[in-house]
Protein chains: 2
Amino acid sequence: MARRNDHSREELKTMILDAAWNITGDEGFSAVTARRIARAIGYTPGTIYNVFTSMDDVLIALCARVVDELSAMITLPSHYDPAARPDHNLKIMARLYRRYASDHLHHWMLLFGYNLTESTQVPEWYNEKIALLFDPLEQMISPLFAPGGERRKKIAARILWSSVHGLCFLEATRKIPFITDYADPEEMMDYMIDGFISGIGR
Amino acid sequence: MARRNDHSREELKTMILDAAWNITGDEGFSAVTARRIARAIGYTPGTIYNVFTSMDDVLIALCARVVDELSAMITLPSHYDPAARPDHNLKIMARLYRRYASDHLHHWMLLFGYNLTESTQVPEWYNEKIALLFDPLEQMISPLFAPGGERRKKIAARILWSSVHGLCFLEATRKIPFITDYADPEEMMDYMIDGFISGIGR
DNA sequence: ACACGATTATGAACAAAGTTCAATAAAAAT
DNA sequence: ATTTTTATTGAACTTTGTTCATAATCGTGT
């Protein structure tokens, strides 16, 4: 019952994360427990604490995976039309975001439904990862701003992101009932983006 | 150890909710446990299950309180200028919402951070309560729509709400770092509302 | 080969969580 | 006074995260 060395530290780490990933996908992150993971990978709970410092640690690493997937998705150039206007590609990006949220609801919810204990600090590399998500968005709306309009551009990017996210969140969690009773959410996002973009020109 | 009849059923209910409310306000809803509540009101955990069916039941009732507070706040006529244009009052409403989120962060987070177990269905009265929140908003933007534009008005109300909420949520949870690095969130909300409103006119 | 030290997995143990329920004490009814 | 009803309890069960002494095995030096 010791030093099996069947798997390296690194292998164990990915095995644990893979297991946690699958459990999350199937049943949501609240079903992720040390004992469930251990059972899934053929180890015991204690092992997980040899590789991660806590369950929070595991879930933060899981969050990072989700961010990575999201990032890879919205960065893929083949989704966009480089010749099109910003609002066209913006709508595509918003749809990609929304589709990820609905296709991988449980993984996506991990990012926002999982409440880090207030004592646990979010590691710096995680914040940097999220900050990177803004880059393609800022690049996309860049043509709408005069040179030197960096600040307004960053603000606009954050507003757009928040708005799209807010709609997806309230739709996904069904916290606001009837949100889809009057229009397709995609239509609403388009409407929102059009409104905001045309407002930028003032 | 029985039938003390110190308090009626109804009294017990409010005592439990008051205790849960205070614990939430002080330490967040994850600190709300049956044993904590029981200790606070001088009863034992079992008593709580005589009054509520489960801890979920307690937390849903708590959510209802938050919605009631929010509703009362944004409905108060004295906050608004009936002679002003919609965008002016809209901004006020958005600020009220944001201020509630920051002043009562733990209570507000209960609404969105507390994940109802997927098995637990949200009761109908709760959904109706939330739907009511839209009424003052729809009324406010009514002048922007021609008669018969009911559908577009409802859509616009939901988009506005989602956007404002998205910004507040990402700010409050600090899920998106640096969101406040470039502008005051109030300024961002104003910018967002202006953009969207001016986009409605097309 | 052998033994020893370093490492690694274990599983028993702890506290605290939600939840249940037979037992009990007190109020109400007879 | 006795019985019935009911409110409250507290012990018990399961499951959670987490710790750590213990045991097993690998790598290495003799």
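So that the names make sense, note that chain A is the first sequence line, chain B the second, and so on, each numbered from 1. Please read these numbers as outputs of a predicted model, since none were measured by experiment.
The side chain of A/T47 places no N or O atom within less than 4.0 Å of a non-bridging phosphate oxygen (OP1 or OP2) of C/dT8. Considering only side-chain N and O atoms, B/R4 lies under 4.0 angstrom from the phosphate OP1 or OP2 of D/dT9. Proximity of A/Y43 to the phosphate of C/dT10: no side-chain N or O atom is located under 4.0 Å from OP1 or OP2. In terms of phosphate contacts, B/R39 brings no side-chain nitrogen or oxygen within less than 4.0 Å of OP1 or OP2 of C/dA16.
Put simply, the side chain of A/D194 never gets that close to the backbone of B/G199: no donor and acceptor are under 3.5 Å apart.
Atom CG of A/N5 is separated from atom P of D/dG27 by 6 Å (rounded to the nearest Å). The distance from atom CD of B/E11 to atom C1' of D/dA7 is 14 Å, rounded to the nearest whole Å. A straight line from CE of B/M15 to C1' of D/dA7 spans 14 Å, rounded to a whole angstrom. One can place CG of A/L59 at 14 Å from P of D/dT16, the figure rounded to the nearest angstrom. We find that CD1 of A/I37 is positioned 14 Å from P of C/dT10, with the value rounded to whole Å. The distance between atom CD1 of A/I48 and atom P of D/dT16, rounded to the nearest whole Å, is 12 Å. Here the C1' atom of nucleotide C/dT8 and the CD1 atom of A/I41 are 13 Å apart, to the nearest Å. The distance between atom CD of A/E27 and atom C1' of D/dT15, rounded to the nearest whole Å, is 15 Å.
Contact annotation for A/V32: backbone-only contact, meaning every heavy-atom pair under 4.0 Å involves sugar-phosphate atoms and none involves a base. Using a 4.0 Å heavy-atom criterion, one finds that B/L12 contacts the sugar-phosphate atoms exclusively. Within the 4.0 angstrom heavy-atom criterion, only backbone atoms of the sugar-phosphate kind lie near A/R9; the bases stay farther away.
Side-chain contact, B/R4 with B/Y43: a donor N or O sits under 3.5 Å from an acceptor N or O.
For the pair A/I197 and A/P86, the minimum side-chain heavy-atom distance is 4.5 Å or more. In this structure, B/M109 and B/T24 have side chains that are not in contact, with every pair of non-hydrogen atoms separated by 4.5 Å or more.
Nearest heavy atom pair, residue B/L133 against residue B/V67, reads CD1-CG1, 4.2 Å.
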Show the distances under 3.5 angstrom between N or O atoms of the protein and N or O atoms of nucleotides 18-21 of chain D.
residue, atom, partner, partner atom, Å
D/dT18, OP2, A/Y49, OH, 2.7
D/dT18, OP2, A/M55, N, 2.8
D/dT18, O5', A/Y49, OH, 3.3
D/dT18, O4, A/R35, NH2, 3.4

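For B/F196 and A/Y191, the distance between ring centers is under 6.0 angstrom.
A ring-ring contact (aromatic ring centres under 6.0 Å, His included) check over residues 17-42 of chain A, counting only residues at least two apart or in different chains, returns the pairs A/W21-A/H107, A/F29-A/Y114.
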